[in-house]
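Please read the structure below before turning to the comments.
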Amino acid sequence: YKICFMKRILLFIMLLPLFTEAQLSKKDSIWLPMNFFIGSWVGEGKGEPGNGKYERTYSWALNKKFIQVNNKSTYPPSDNNKQKGEVHEDIGFISYDGMRNSFMLRQFHIEGFVNQYKLESISADGKTIVFISEAIENIPQGYRARETYTIINQDEFAEVFEIADPGKDFAVYSEAHLKRK
């Protein structure tokens, strides 16, 4: 009996680190809705600039307090852009604002725009995430933007970027479909 009891204690001691590692800290659990995006992605998109190719990475930054987003979209010459096509780049950061209990997304675009978004919603199943702009720098007042991410499966998501002119409804500017590398 003593040997069996000792084996159980030994087994418990050996497995204890697994149980403690498995528990998420409050900080880690806050980030659960955004963890999906961490990694490298490639895909295709279409919209106002034409049909294009996307390269994107989401990575932890500054001691896992932010997610850094590096995006490059390349559009070859098209009917909309006959000269040399377009290369769009932006760098973004997703943060968690504890005072507002909300995720924030800030994007810095090669064209000089800076978009600040606040999380509007996450669907009950966690597969649709919507950010709506609070401010856009270097564009006339009244413009708004919306980013909607729809998780298709563990290695795919779709993104819809919409713009609203002052006093108007949102209209799709571009749509992209990305796959994990």
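These figures come from a predicted structure and were not determined experimentally.
Taking Ile, Leu, Val, Met, Phe, Trp and Tyr as members and joining any whose side-chain heavy atoms lie under 4.5 Å apart, directly or through other members, the hydrophobic cluster of Leu62 also contains Phe66, Ile91, Phe93, Phe108, Val114. Connectivity analysis of hydrophobic side chains (ILVMFWY, heavy atoms under 4.5 Å, direct or indirect) links Val160 to Val172.
Placement of Met34 and Leu178 within a single hydrophobic cluster is found when ILVMFWY residues are connected by side-chain heavy-atom separations under 4.5 Å, directly or transitively. Linking Ile, Leu, Val, Met, Phe, Trp and Tyr residues whenever their side-chain heavy atoms come within less than 4.5 Å leaves Phe161 and Val42 in two separate clusters. Side-chain heavy atoms closer than 4.5 Å link hydrophobic residues (I, L, V, M, F, W, Y) into clusters, and following such links, even through other members, never connects Val130 to Ile136. Following chains of ILVMFWY side-chain contacts shorter than 4.5 Å, one can reach Ile38 starting from Ile94, so the two form part of one hydrophobic cluster. Trp31 and Tyr58 fall within a single hydrophobic cluster, where Ile, Leu, Val, Met, Phe, Trp and Tyr are joined by side-chain heavy atoms under 4.5 Å apart, directly or via other members.
Here the CD atom belonging to Gln68 is positioned 7.0 Å from the OG1 atom belonging to Thr57, to the nearest 0.5 angstrom. Separating the NE2 atom in His88 from the CD atom in Glu111 is a distance of 5.0 Å, to the nearest 0.5 Å. Once rounded to the nearest 0.5 Å, the distance linking CD of Gln154 with CZ of Arg180 reads 7.5 Å. Taking CG from Asn71 and CD1 from Ile110, the interatomic distance works out to 11.0 Å, rounded to the nearest 0.5 Å. If you take CD1 on Ile151 and CD on Glu156, they are separated by 11.5 Å, rounding to the nearest 0.5 Å. One distance of note links OG1 of Thr74 with CD of Glu86; it measures 9.5 Å at 0.5 Å rounding.
Scored by the side-chain contact (heavy atoms from CB on, under 4.5 Å) test, Leu119 finds Ser102, Phe103, Ile122, Ile129, Phe131 as partners (sequence neighbours excluded).
Using a 30° and 60° split on the angle between ring planes, Tyr149 and Phe37 fall in the perpendicular class, above 60°. Using cut-offs of 30° and 60° for the angle between ring planes, the His109 and Phe113 rings count as perpendicular.
The two atoms that bring Ile67 and Trp60 nearest to each other are CG1-CZ3, 3.7 Å, heavy atoms only. Glu175 and Tyr54 get closest at one heavy-atom pair: O-OH, 4.4 Å. The heavy-atom pair separating Arg144 from Asp169 by the smallest distance is NH2-CA, 4.4 Å.
In this structure a side-chain-to-backbone donor-acceptor pair under 3.5 Å is present from Ser123 to Thr128. At distances below 3.5 Å, at least one donor-acceptor pair connects side-chain atoms of Asn138 with backbone N or O atoms of Gly112. Although no hydrogens or angles enter the test, the distance criterion places a donor-acceptor pair under 3.5 Å between the side chain of Asp97 and the main chain of Arg100.
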Exercise. Yes or no on side-chain contact (heavy atoms from CB on, under 4.5 Å) for Glu147 and Gln107, after CA distance, side-chain angles and deciding distance?
Worked result: CA-CA 11 Å; Glu147 292 266 2; Gln107 297 172 328; 3.2 Å; yes

For this session: Might you work through the side-chain contact (heavy atoms from CB on, under 4.5 Å) test for Asp165 and Tyr143, ending with a clear yes or no?
Result: CA-CA 5 Å; Asp165 291 344; Tyr143 278 86; 2.9 Å; yes

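Side-chain contact between Phe157 and Thr150 is absent, with no heavy atoms from C-beta onward closer than 4.5 Å.
Considering Lys179, Lys53, His177 as possible partners of Glu44, the one that fulfils the side-chain hydrogen bond (donor to acceptor under 3.5 Å, both in side chains) test is Lys53.
Atom NZ of Lys46 is surrounded by 12 or fewer heavy atoms from other residues, nucleotides or ligands within 6.0 Å.
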